[in-house]
Every structure is written in structure tokens, then in C-alpha cells.
There are 2 protein chains.
Amino acid sequence: MRMRINRKIVPEMNDRPLTAQRRLILDILREAKCHLDAKELYQRAIQKDQHISLATVYRNLRLFEEVGLVDERRLDEVHCYYELKRSTEHYHLVCRICGRVIEFESPMVRKLVDEVQRNSDFYVSKAVLYLEGYCRNCKGKKQVS
Amino acid sequence: MRMRINRKIVPEMNDRPLTAQRRLILDILREAKCHLDAKELYQRAIQKDQHISLATVYRNLRLFEEVGLVDERRLDEVHCYYELKRSTEHYHLVCRICGRVIEFESPMVRKLVDEVQRNSDFYVSKAVLYLEGYCRNCKGKKQVS
DNA sequence: ATAGGTGCAAATGGTTTGCGAAAAC
DNA sequence: GTTTTCGCAAACCATTTGCACCTAT
């Protein structure tokens, strides 16, 4: 009952074949403008392939992350969100009230990393950065606690 | 069988009492030079109070975080680490091989946040930042994959 | 008496894994 | 035939929660 589509060995994927499931997951990530968590990705996938399993989604997301095709981000302390890696690094700004996510990039991040590398004798391979706050619309609603 | 110690209402804690368990947890965090995860904190706590429960540890860590006494950091994608909040913000640099953690601070972070606030019309209340890489000793051991 | 904290055990929920079947070569 | 992937269900594990009891006021 599994999907049968010719697989091609893909060098970008550590010489692992591009199976139908993998192609489907990548397609969904490509279509999605935003980051998806594994469950939502699975929900969308199952509409095209009724037999794909959540385990396959997780396994392949992990693979994609390892080979550098996909970025995994933790935007809300609970689950991870996945998105296709792009040419320019970007980071996220999340509103604590409405959940709105804004992407931003800044050369400052590179500068910061360089500075830290110089001062610490570390080679920095990954910078995890996200900002939390209140967006334009929700600034006023900040709970007084 | 519970620990009985006079509780005092502590304004710093949202007018919640400083129970024996809370005092114990704070003491352990104070003694510990480094960040602890909940389980390790619990292991240390149980040596002083054989009946304290892991749930209490979690509940109070959450409370401490809410009132701003403690910082919660996710340093390894799996669990959270807790440490007493200090006067100056600092961030962490974690070695992917040996797990060594180096703390650093940089005015660059504040600059970055200011820049993002200006450009996005967001009020930024929290910056989550950590860097991953290879420390002096492990630089050479980077797996060739 | 009331309100809130605690201990215990069970539940939660995102993610991982063991295993047998299926695919590709 | 061998190797890898997949689907399914079960396991995992950090964290949370329901509930009865206890403590301080």
C-alpha cells in the first residue's frame, strides 16, 4: 500500500534516495510560506498520501536537518517548527499574545558570533536566536500580571 | 512528614510564602555554580529533604521563573536548565563534542534587540540566544560526517 | 474555615524506536 | 539476497496535573 515512485539517489541528501515520502515532505515545506510543526506537516501530507506515518515525517525531518536541507526551530518552548533552509540566515520574533511571527535578519548576528569566537577560542557552528515580545497590535494588551 | 519551617511572605515572590521547599531549591541554585536541570536539582534536594517531590521542584521552578528569580534555558534541545537570575544578562556557548559550557555577555545583544525593535515595531521582552560549536580542545575532533 | 502548598501517581504530548513487511537494486 | 525505508504500535521522557492531605493563618 506504500507509494511507489522512482527514487533517485540525491547527492544533496548524503546519497540517500529521494523516496516518494521524502519528496512529498519537501514539497509541502516548499509550498508552505511559513514554518510548520511535525504534526501539521503530517496533516497536510496525509491528504496526498493516506498511508504516510508520523514516524516517517519525523525520521525524514531529522534526516533533512542533518544534511542541511531544513532548519529546525523551537519557537514556543513546546514543539519544533521546520522550514526549508534558505540562502540567507534569518531569525524569528514571536508575539507572546497573538503568536504572530516576524522574520528578520541582521548583520549584527554575524558580528556577535565573530566577537564571541574571537574572545572564547570557540568555533561557532550554529546560532540559536529568537526574540519574544509584543507586536504592534498587542503592545497595549500586556497583562499587568 | 513534610518539612516544617516558618514561612515568610516574600514580596519578591509575588507575595507567596517562602516555604521550606522553596528555600531549599533556591539554596541549591545559589550554591551551584552552574545551571542545573530539574532532575539534578531534585537529586540534590532529596539529600536534604527526603520527601520533596519532583513535582514540587518543577512547580517552584516555574514560579521562580515567573517572578523573575530564575532563568530557564534550553541548552541541549532536550531539557531545560535553571539558574538564579543575575544582574547582568549572559548567554551560553556550548561545545557539541564535550558539552562544555562557556558563558559570555556582549553589548551587541542589546544593540541587536534595539535594532529589531526599531525596524519591526515590536516590543522585545526576551531574547533567547545560545551558540553551539566546538571548543578549543574539540576543534580538531569535528566528525568528518 | 479558608487558601494555598505539597506528595504521589497518573496523565500528557512531542518525539523516538523496535520490528516485521515492502521496496529498490 | 542485501540494504534501506516505511507503517504501525509501543516506548520514552521531560513536564504537568488531579486529587487528597497538610500547613499556616
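Computed from a predicted model, the values in this text were never measured in an experiment. To find a chain, count down the sequence lines: A is the first, B the second, and so on, and within it residues start at 1. Worth knowing before you read on, the calculation uses all heavy atoms, side chains too, and leaves out hydrogens, waters and symmetry mates.
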Inset, instruction - Return the residues of residues 63-72 of chain A meeting this criterion: a heavy atom under 4.0 Å from some atom of DNA chain C. Order them by number, or give none. - result: none
Legend entry - For atom CD1 of Ile52(A) and atom C1' of dC8(D), their distance in whole Å: 14 Å
Inset, instruction - Grab the CD-P distance between Gln21(A) and dA22(C) for me, whole Å please. - result: 14 Å
Inset, instruction - May I have the distance from Leu61(B) (atom CG) to dT6(C) (atom C1'), rounded to whole angstrom? - result: 15 Å
Inset, instruction - Give a yes/no answer on whether the side chain of Arg16(A) brings an N or O atom under 4.0 Å of OP1 or OP2 in dT5(D). - result: yes
Inset, instruction - Heavy atoms under 4.0 Å is the rule here; annotate nucleotides 9-15 of chain C 5' to 3' with B where the base is hit, S where only the sugar-phosphate is, and - elsewhere. - result: -----SB
Inset, instruction - For the pair Glu66(A) and Arg16(A), find out whether any cationic side-chain nitrogen is under 4.0 Å from an anionic carboxylate oxygen. - result: no
Legend entry - Separation of atom CD in Gln43(B) from atom P in dA14(D), rounded to whole Å: 11 Å
Legend entry - Results of salt bridge (charged side-chain N to carboxylate O under 4.0 Å, His left out) for Arg110(A) - residues two or more places apart only: Asp114(A)
Legend entry - Residue pair Arg86(B), Glu105(B): steps toward the salt bridge (charged side-chain N to carboxylate O under 4.0 Å, His left out) verdict: CA-CA 12 Å; Arg86(B) 307 184 216 156; Glu105(B) 35 187 289; over 6 Å; no
Legend entry - Closest non-hydrogen atom pair, Tyr42(B) against Ile52(B): CE1-O, 3.4 Å
Inset, instruction - Would you indicate, yes or no, if dT5(D) has its OP1 or OP2 atom less than 4.0 angstrom from a side-chain nitrogen or oxygen of Thr19(A)? - result: no
Inset, instruction - Would you kindly give the CG-to-P distance between Leu18(A) and dT4(D), to the nearest whole Å? - result: 17 Å
Legend entry - dG7(D) OP1/OP2 closer than 4.0 Å to side-chain N/O of Thr56(A): yes
Inset, instruction - Measure the distance from CG on Asp49(A) to P on dT5(D) and round it to the nearest whole Å. - result: 17 Å
Legend entry - Whole angstrom value for the distance that separates P of dG7(C) from CD of Gln50(B): 12 Å
Inset, instruction - Kindly indicate, with the supporting measurements, whether the criterion side chain to side chain donor-acceptor pair (under 3.5 Å) is fulfilled by His90(A) and Glu83(A). - result: CA-CA 11 Å; His90(A) 68 280; Glu83(A) 58 184 359; 2.9 Å; yes
Legend entry - 4.5 Å side-chain heavy-atom contact, Leu18(B) and Leu26(B): yes
Inset, instruction - Quick one: list whatever passes ring-ring contact (aromatic ring centres under 6.0 Å, His included) with Phe104(B), sequence neighbours left out. - result: none
Inset, instruction - Scan Arg22(B) against the nucleic acid and name what it touches under 4.0 Å (heavy atoms): base, sugar-phosphate only, or nothing. - result: sugar-phosphate
Legend entry - For atom CG of Leu36(B) and atom C1' of dA14(D), their distance in whole Å: 16 Å
Legend entry - Sequence-distant partners of Val67(B), side chain to side chain contact (heavy atoms under 4.5 Å, CB included), two or more places apart: Met13(B), Asn14(B), Leu63(B), Leu69(B)
Legend entry - Donor-acceptor pair present, Arg59(A) side chain and dG7(D) base, under 3.5 Å: yes
Legend entry - Partner set under side chain to side chain contact (heavy atoms under 4.5 Å, CB included) for Glu115(B), not counting sequence neighbours: Ser106(A), Met108(A), Leu112(B), Arg118(B), Asn119(B)
